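What's counted below: heavy atoms across the whole structure, side chains too, no hydrogens, waters or symmetry copies. Nothing here was measured: the structure is a model prediction, and the numbers come from that model. Lettering follows sequence order; numbering is per chain, from 1.
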Protein chains: 2
Amino acid sequence: MQFCTQSIFPWYAGAMTDTTDRRSRKRQATRQAISNAATRLFWERGFDAVTIDEIAAAADVGRMTVFNHFPRKEDLFFDREAEGRELLRTTALHREKGVSPLEAFRRLAHRLIAEQAPYVVFSAESQAFIRTVEESPTLKARARAIRDELAAEIASALIDATGAQGADPHARLAASLLLAAWTTAFIEAHRTYQQTQSAEAAQAQFLHLIDRAGQGIAVALQGTAYA
Amino acid sequence: MQFCTQSIFPWYAGAMTDTTDRRSRKRQATRQAISNAATRLFWERGFDAVTIDEIAAAADVGRMTVFNHFPRKEDLFFDREAEGRELLRTTALHREKGVSPLEAFRRLAHRLIAEQAPYVVFSAESQAFIRTVEESPTLKARARAIRDELAAEIASALIDATGAQGADPHARLAASLLLAAWTTAFIEAHRTYQQTQSAEAAQAQFLHLIDRAGQGIAVALQGTAYA
DNA sequence: CGGCATTTTGGACTCGTCATAAAAATAGAC
DNA sequence: GTCTATTTTTATGACGAGTCCAAAATGCCG
């Protein structure tokens with residue numbers, strides 16, 4: 001598990017790959033050791049101030065082993081991409097009858113908040129997480145890249161979900177607006193939390209912006225299969 | 001002038017800094033030489049395949065001189081940030097009476113298309129420009145960063161333009177949605193151009209998406225000073 | 001010409017990333 | 001248990017972007 005999982009979302013730790021044989025278990029163990037060491041160091045000194053060599057040394061492992069498990073340094077920090085991607089895709093695909101994809105995403109936001117899902121938790125720890133990202137140009141760049149990857153995923157999911165023909169530009173517009181809205185809602189909610197130290201206020205801000213943007217995007221996508 | 005200016009928007013070349021004394025002139029000359037060399041090499045082999053050393057050698061200049069004029073390698077490619085930023089800011093600030101900021105941006109899009117402004121030109125050359133960016137992870141990352149910088153600029157301009165108090169989250173939501181819409185419109189228009197080889201079709205696609213998104217964003221920002 | 005500021009330059013250094021090959025650990029077959 | 005094949009780890013070396021620093025070249029002005 002990586003920084004964000006360990007520090008912010010501890011309840012997700014461990015047990016995600018089948019560890020049948022000893023080889024897989026050992027591999028997972030070293031991976032874990034590397035991630036733990038990286039997490040601790042990042043937490044102590046920030047992302048950019050920690051070198052791969054230090055992580056390797058702290059994990060008592062060769063430098064190449066680190067790259068073996070985590071192709072990029074940023075992968076030691078952001079590790080929940082796949083899950084988020086999957087969540088978004090299933091939201092678009094498996095939805096109740098008569099609910100538009102856009103409405104499904106709006107409801108997802110409300111559900112995540114209601115369930116206190118890790119993605120939309122506002123706490124001192126999540127604040128530290130945000131700050132760590134903000135302080136590192138590398139992590140900010142990666143965050144932007146992930147945002148675009150998620151937008152592409154949503155666009156593809158929208159096309160798959162509706163089977164719309166020739167409406168790809170609209171799907172990509174919808175995805176782009178959706179991601180922009182979610183990102184902004186998330187950031188602004190965190191800003192609110194930082195100012196008020198109230199998780200409730202932050203959640204309210206998040207949902208307020210999601211709903212506002214949702215209404216607008218629905219109008220923008222009027223006449224398409226997505227709204 | 002850099003890659004995009006020289007190759008895509010040649011009519012903007014030259015004459016942007018006052019060259020009173022010989023020192024400034026020489027400095028500008030070396031800067032130009034570096035940029036020209038970089039432009040040619042990027043054009044020939046793509047961005048990532050060219051090293052700073054090669055650029056320096058081609059410009060007959062020391063390696064450090066390159067970094068002296070262009071702090072990052074990407075700055076040799078993207079050089080029109082400031083102008084775009086200024087254009088967006090003035091659009092938000094100096095607009096006709098009774099025209100909302102959002103509507104001002106919509107009209108700007110139509111005006112740029114009508115004037116065949118460099119930003120929204122669709123041609124074989126602009127296509128090559130896009131392709132060069134797409135093929136380089138570094139340039140894609142920089143493009144994303146610029147997008148965020150422009151969004152921040154718009155948000156600040158919106159706040160300045162309306163003098164709205166305590167509505168900053170809405171301003172940032174508006175800016176974020178606006179930039180997402182423009183980016184998508186631009187990309188989709190280029191995609192259309194690539195498929196149809198018709199600049200008219202591309203322009204139509206661009207304006208269609210801008211207008212669609214514009215209507216939606218107006219709804220999203222209903223009740224604020226921005227819509 | 002000679003002092004002064006700016007610009008240019010070379011060299012050494014850090015860090016992330018990649019390629020390669022060797023070494024170590026492990027699983028399976030006998 | 002031993003041998004072999006596969007996987008995993010490791011060391012080494014290289015490359016390129018970016019930074020620091022001190023020295024050298026260049027233009028400016030008295």
Measure across B/Ala37 and B/Ile55 and return the closest heavy-atom pair with its distance rounded to 0.1 Å.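 Residues B/Ala37 and B/Ile55, closest heavy atoms: CB-O, 4.1 Å.
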Closest approach of B/Ala199 to B/Phe122 (non-hydrogen atoms, all atoms of both residues):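 Closest heavy-atom pair between B/Ala199 and B/Phe122: CB-O, 3.6 Å.
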Donor on one side chain, acceptor on other, B/Asn36 and B/Thr39, under 3.5 Å: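 There is no such pair (donor and acceptor under 3.5 Å, judged by atom type) between the side chains of B/Asn36 and B/Thr39.
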Please say whether more than 12 non-hydrogen atoms of neighbouring residues, nucleotides or ligands are located less than 6.0 Å from CG in B/Asp60.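 Incorrect, the count does not exceed 12.
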So what does B/Glu74 touch, heavy atoms closer than 4.0 Å: a base, only the sugar-phosphate, or nothing?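 Here B/Glu74 touches the backbone only, sparing every base.
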Just checking A/Val50: base, sugar-phosphate only, or nothing, at a heavy-atom cut-off of under 4.0 Å?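 Here A/Val50 touches the backbone only, sparing every base.
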Opening and closing nucleotides of DNA chain C in contact with chain A, under 4.0 Å to non-hydrogen atoms: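 First-to-last contact on DNA chain C, by the 4.0 Å heavy-atom rule, is C/dC15 to C/dA27.
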Give each protein N/O atom lying under 3.5 Å from an N/O atom of nucleotides 28-30 of chain D, with the pair distance.
from, atom 1, to, atom 2, distance (Å)
D/dC28, OP1, B/Arg22, N, 2.9
D/dC28, OP1, B/Arg23, N, 3.2
D/dC28, OP2, B/Arg22, NH1, 3.1

Between B/Gln28 and B/Arg31, is any pair of side-chain heavy atoms under 4.5 Å apart?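 B/Gln28 vs B/Arg31: side chains touch.
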Between D/dA17 atom C1' and B/Phe70 atom CZ, what is the distance in whole Å?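 Atom CZ in B/Phe70 sits about 16 Å away from atom C1' in D/dA17.
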Table of protein N/O atoms under 3.5 Å from nucleotides 9-12 of chain D N/O atoms:
from, atom 1, to, atom 2, distance (Å)
D/dT9, OP1, A/Thr30, OG1, 2.7
D/dT9, OP2, A/Arg27, NH1, 3.0
D/dT9, OP2, A/His69, NE2, 3.1
D/dT10, OP2, A/Gly62, N, 3.0
D/dT10, OP2, A/Thr65, OG1, 2.3

Taking the inter-plane angle between the rings of B/Phe77 and B/Phe42 on a 0 to 90° scale, is it parallel (under 30°), tilted (30 to 60°) or perpendicular (over 60°)?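 B/Phe77 and B/Phe42: tilted rings.
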Those residues that, when tested against A/Tyr226, pass ring pair (Phe, Tyr, Trp, His ring centres under 6.0 Å) (two or more places apart):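 Ring pair (Phe, Tyr, Trp, His ring centres under 6.0 Å) list for A/Tyr226, sorted by chain: empty.
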All ring pair (Phe, Tyr, Trp, His ring centres under 6.0 Å) counterparts of B/Phe67, not counting sequence neighbours: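 Residues passing ring pair (Phe, Tyr, Trp, His ring centres under 6.0 Å) with B/Phe67: none at all.
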Please identify each residue that fulfils side chain to side chain donor-acceptor pair (under 3.5 Å) with B/Arg172, with sequence neighbours left out.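 Once residues adjacent in sequence are excluded, the partners of B/Arg172 under the side chain to side chain donor-acceptor pair (under 3.5 Å) criterion are A/Glu188.
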